[in-house]
2 protein chains.
Amino acid sequence: MNAKVNKVAKVEARAAVPDSPPLTERQEARRRRILHASAQLASRGGFDAVQMREVAESSQVALGTLYRYFPSKIHLLVATMQDQLEHMHGTLRKKPPQGETAAERVAKTLMRAFRALQREPHLADAMVRALTFADRSVSPEVDQVSRQTTAIVLDAMGLEHPTPEQLSAVRVIEHTWHSALITWLSGRASIAQVKIDIETVCRLIDLTAPASEGP
Amino acid sequence: MNAKVNKVAKVEARAAVPDSPPLTERQEARRRRILHASAQLASRGGFDAVQMREVAESSQVALGTLYRYFPSKIHLLVATMQDQLEHMHGTLRKKPPQGETAAERVAKTLMRAFRALQREPHLADAMVRALTFADRSVSPEVDQVSRQTTAIVLDAMGLEHPTPEQLSAVRVIEHTWHSALITWLSGRASIAQVKIDIETVCRLIDLTAPASEGP
DNA sequence: CGCTAATCTAGAACAAGTTTCAGACTTGAT
DNA sequence: ATCAAGTCTGAAACTTGTTCTAGATTAGCG
């Protein structure tokens, strides 16, 4: 949000894609400490509570180093989200929700994720606000989060090769997911309403699935 | 984004609801100058270009006064959006898009709005980012924007008394609208993709319309 | 081991959002 | 017209994100 005037290039997409010069052990450890501190601070007061100086201090790293690892607060929080998403995806893989239709399974999956977020609303606040506030300079990282989310949804649908139509439906589901979370986090929608809206949007899946029969 | 620690109450929902102690003529004029300056600066560099000191200077108002009228940058930009939305709704009322189905009409309406935003992408950036970044302290104002948007969509549907199901569909459409705009603004989705997603989500309308025939 | 480039640290400095304050100006009611 | 209450102004101060710098440390290499 604040920035001199420049804000471009030079940034190495860290952990977005597992390439880039590989980190030494100590560097990996630093990165981990930073992400941990970030999540911890976020779990308390949400977005505002994640203050770069505090993150640096908590993770025993100089401010300049923090900025070398994550070029902005938004980058840091989006990376934090990537981190959490990986957990989540792992967890979901183990016991995937059951359901007759794809729509049902996706809705159940998202509601499960939603319940997880409810347990740490402040953390959710920090991550989701960062995600939707991110500007172009964070696109690669945000895209990675998006891909991860898409993977989760497609997993729940049980699809390998989605049609373009289905991909659009999935995108719409993700849009709804993010935006519904925002309205819930800012107290403008109840949990029940979020649930209903998720179920509503998931109906699109059946709509775009020419699955069973055809001419 | 920056703020001491407090951030509550004391704020008068200005123009969100047309009550509150009515403004004098000069006050109304100041308010208008501020909103104009805000939109103008936003039209140039987007969110970042709307700097409170500059807004104050452009609108010939002291910084403190600016903050009395709009308690934060986010409040200011959300108010700017309300302002623009009113225009838009007025414009749309005059020549409402034609179409067989409600879904078609809504999609056309949103695409028309989208084209309007494309003409001022920076302004769109400032408004939409502010809207989705807004925290609880801006809820009343954001809610007002949401109501206005809902009104536009219901107008396009030609509905007076929507069912709860339809309201959910409308909310999902709004979610998609906001989130799709964000992805477009941050360069992660093409205009074509936004169009497709809008059309996709609008299909929900037909799905929730038990309109024509019944038992 | 000894060197060099890269990385890290502490801390100052800067930018922009927000708050505060003393004094000048308006407004509304008497 | 006059007074009290409420507004507005200009300027300084404070907060937090971000950048910069000079000097230590570390990593990789011969």
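Just the heavy atoms: all of them, side chains too, but no hydrogens, waters or symmetry mates, feed the values below. Letters A, B, ... mirror the listed sequences (proteins, then strands); counts begin at 1.
To the nearest angstrom, P of D/dT7 lies 15 Å from CZ of B/Arg31. Rounding to whole angstrom units, NE2 of residue A/His75 and P of D/dT19 are separated by 11 Å. The CD-C1' distance, from B/Glu54 to C/dA16, rounds to 11 Å in whole Å. Rounded to an integer number of Å, the gap from CG of A/Asp48 to C1' of D/dG17 is 12 Å. Look at CE on A/Met52: it is 21 Å from P on C/dA13, rounded to the nearest Å. Between the CG atom of A/Leu41 and the P atom of D/dG17 there is a distance of 11 Å, given to the nearest Å. Rounded to an integer number of Å, the gap from A/Glu57 CD to C/dT9 P is 13 Å. Across the protein-nucleic acid pair, A/Leu63 atom CG and D/dA22 atom P stand 18 Å apart, rounded to whole Å.
Look at A/Gln27 and you won't find any side-chain N or O under 4.0 angstrom from OP1 or OP2 of C/dA6. Proximity of B/Tyr67 to the phosphate of C/dT20: no side-chain N or O atom is located under 4.0 Å from OP1 or OP2.
Set against C/dC8, C/dT18, D/dA27, the side chain of B/Ser72 has C/dT18 as its closest nucleotide. In the set C/dG28, C/dT9, C/dG17, C/dT9 carries the atom at the smallest distance from any side-chain atom of A/Ala62. Nearest nucleotide to the A/Arg30 side chain, out of D/dT18, C/dG17, C/dT9: C/dT9.
One side chain, B/Thr150 or B/Glu174, offers a donor N or O that lies under 3.5 Å from an acceptor on the other. Between the side chains of B/Ser179 and A/His175, at least one donor N or O lies within less than 3.5 Å of an accepting N or O. With hydrogens and angles left out, the side-chain atoms of A/Arg26 and A/Thr24 include no donor and acceptor closer than 3.5 Å. Residues A/Ser38 and A/Thr80 have side chains that bring a donor and an acceptor to within less than 3.5 angstrom of each other.
When the nearest nucleotides of DNA chain D are assigned to A/Arg53 and B/Leu66 by heavy-atom distance, the more 5′-ward of the two goes with B/Leu66. Residue-to-nucleotide proximity on DNA chain C shows that, of A/Thr65 and B/Val50, the 5′-proximal contact is made by A/Thr65. Along DNA chain C, the nucleotide nearest B/Arg26 and the nucleotide nearest A/Gln60 are compared for position; the residue whose nucleotide lies closer to the 5' end is A/Gln60.
In the interface, the side chain of B/Arg68 is not paired with the base of C/dT19 through any donor and acceptor atom under 3.5 Å apart.
The six-membered or imidazole ring of B/Phe133 lies near that of A/Phe47, with a centre-to-centre distance under 6.0 Å.
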